[in-house]
Protein chains: 2
Amino acid sequence: MSDNLASKITDSELEVMKLLWRAKDALPVTEIREQLQGSKGWEPATIKTLIARLVSKGVVHQEKRNVYYYSPVITEKDYSSWATKDLITRIYNGKASELIASLVNSNGLSQADIAELREMFKVEE
Amino acid sequence: MSDNLASKITDSELEVMKLLWRAKDALPVTEIREQLQGSKGWEPATIKTLIARLVSKGVVHQEKRNVYYYSPVITEKDYSSWATKDLITRIYNGKASELIASLVNSNGLSQADIAELREMFKVEE
DNA sequence: AAGTGCAGTTTACATTTGTAGCTTAAGCAA
DNA sequence: TTGCTTAAGCTACAAATGTAAACTGCACTT
């Protein structure tokens, strides 16, 4: 995923993306609204603006049916790993190991995390 | 470090912070400028603005001598781990292990990183 | 003592982001 | 058919951000 796509997803827009990622299929504004109005307390107009911006940024696709249906163009995984690499570039001198060391040293890992990681690195090759 | 400090450091401001973190002692504007003008191509006025904003945000301390000397109030480590936790909260459901899993799956780790991690989580208790 | 230069402060201005209203047109209810 | 509802598009507007100029006063030079 290129920088000019993901880097432009703002916090508010990300909430919309998360919703679209969770959905199996494309969603009409109605449903997007239903789910965000409660959780975020946004006005319908706000949600429309966010969707429009995501579409114009090319990260959400709109498909005309009776009404427009929206779906993500980029996957959540792609976005996540892009954001992670971006963090590593910006503040860990580009070294993933520094990020992890920081996590370990700042007690950023729960016991559960550690157990999980121990599993992960036991079998991984 | 509380959210209201670190969350307000913007990208441009971060460049100034990085410089201050690298410095052993407090620096006068002159030196900050010298180092940033080349690397970032910023006008002196821009650099002054960034410093002023950092001071007003409380993340940089200014000490009056002949002229003001500036030094970071928060450490780079604190900032890094705050930023990392923020990322985990925002896009990894609060689970550090998901971040690491993402790194592993997206080839974000070098062989050396992986070896290091295997060591790290082999002995940890 | 007067002039210059630059630190420090104030102001500026375009773009992005967060948040939302207004307008237009089309579908559905009456 | 007439109007109500609402999707879609356009406009709005304050705060934050990136970038920088203008102003002010002090220190150092001549």
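In what follows, chains are A, B, ... by sequence order, proteins preceding strands, each numbered from 1. All values reported here derive from a predicted model rather than from experimental measurement.
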Just so I know, are the side chains of A:Pro72 and A:Tyr79 near enough to count as touching, which here means a heavy-atom distance under 4.5 Å? no
Using side-chain hydrogen bond (donor to acceptor under 3.5 Å, both in side chains), reason through B:Thr89 and B:Asp86 one step at a time and then give a plain yes or no. CA-CA 5 Å; B:Thr89 300; B:Asp86 182 58; 5.7 Å; no
Can you tell which of C:dG21, D:dA8, D:dT17 lies closest to the side chain of B:Thr10? D:dT17
If we check side chain to side chain contact (heavy atoms under 4.5 Å, CB included) with B:Val60, which of these qualifies: B:Leu50, B:Val16, B:Ile74, B:Leu20? B:Leu20
Let's test your reading of the model: under 3.5 Å, does the base of C:dT19 pair with the side chain of A:Arg53 as donor and acceptor? yes
Would you check if B:Gln37 and B:Pro44 make a side-chain contact, meaning some heavy-atom pair closer than 4.5 Å? yes
Do side-chain atoms of A:Lys8 reach the backbone of A:Lys57 as a donor and acceptor pair under 3.5 angstrom? no
Does B:Leu87 share a hydrophobic cluster with A:Ile9, counting links as ILVMFWY side-chain heavy atoms below 4.5 Å and allowing steps through other members? yes
Does the pair A:Ile100 and B:Asp113 meet the rule for a side chain to side chain contact (heavy atoms under 4.5 Å, CB included), with working shown? CA-CA 9 Å; A:Ile100 297 179; B:Asp113 287 332; 5.9 Å; no
For A:Thr46, answer base if it contacts any base atom (sugar-phosphate contacts may also be present), sugar-phosphate if it contacts only those atoms, and nothing otherwise; contact means non-hydrogen atoms under 4.0 Å. base
For B:Arg65, answer base if it contacts any base atom (sugar-phosphate contacts may also be present), sugar-phosphate if it contacts only those atoms, and nothing otherwise; contact means non-hydrogen atoms under 4.0 Å. nothing
Describe the nucleic acid contact of B:Tyr70 in one word from base, sugar-phosphate, nothing, applying a heavy-atom distance below 4.0 Å. sugar-phosphate
Could you list, one pair per line, each protein nitrogen or oxygen that sits under 3.5 Å from a nitrogen or oxygen of nucleotides 25-30 of chain C, together with the distance?
none

According to a strict under-4.0 Å criterion, is B:Thr30 in side-chain N/O contact with OP1 or OP2 of C:dA7? yes
Which nucleotide wins on minimum distance to the side chain of B:Trp42, given the candidates D:dT19, C:dG18, D:dT17? D:dT19
Which residues in residues 21-29 of chain A have a heavy atom closer than 4.0 Å to any atom of DNA chain D? A:Val29
Is it the case that the side chain of B:Tyr92 and the backbone of A:Ser80 share a donor-acceptor pair, with hydrogens and angles ignored and the cut-off at 3.5 Å? yes
Choosing from C:dA7, D:dA8, C:dA20, which nucleotide comes nearest the side chain of A:Thr49? C:dA20
D:dT6 OP1/OP2 closer than 4.0 Å to side-chain N/O of A:Arg33: no
If only side-chain N and O atoms of B:Ser12 are considered, is one of them under 4.0 Å from the OP1 or OP2 phosphate oxygen of D:dT19? yes
Side-chain heavy-atom pair A:Lys64, A:Gln62 within 4.5 angstrom cut-off: no
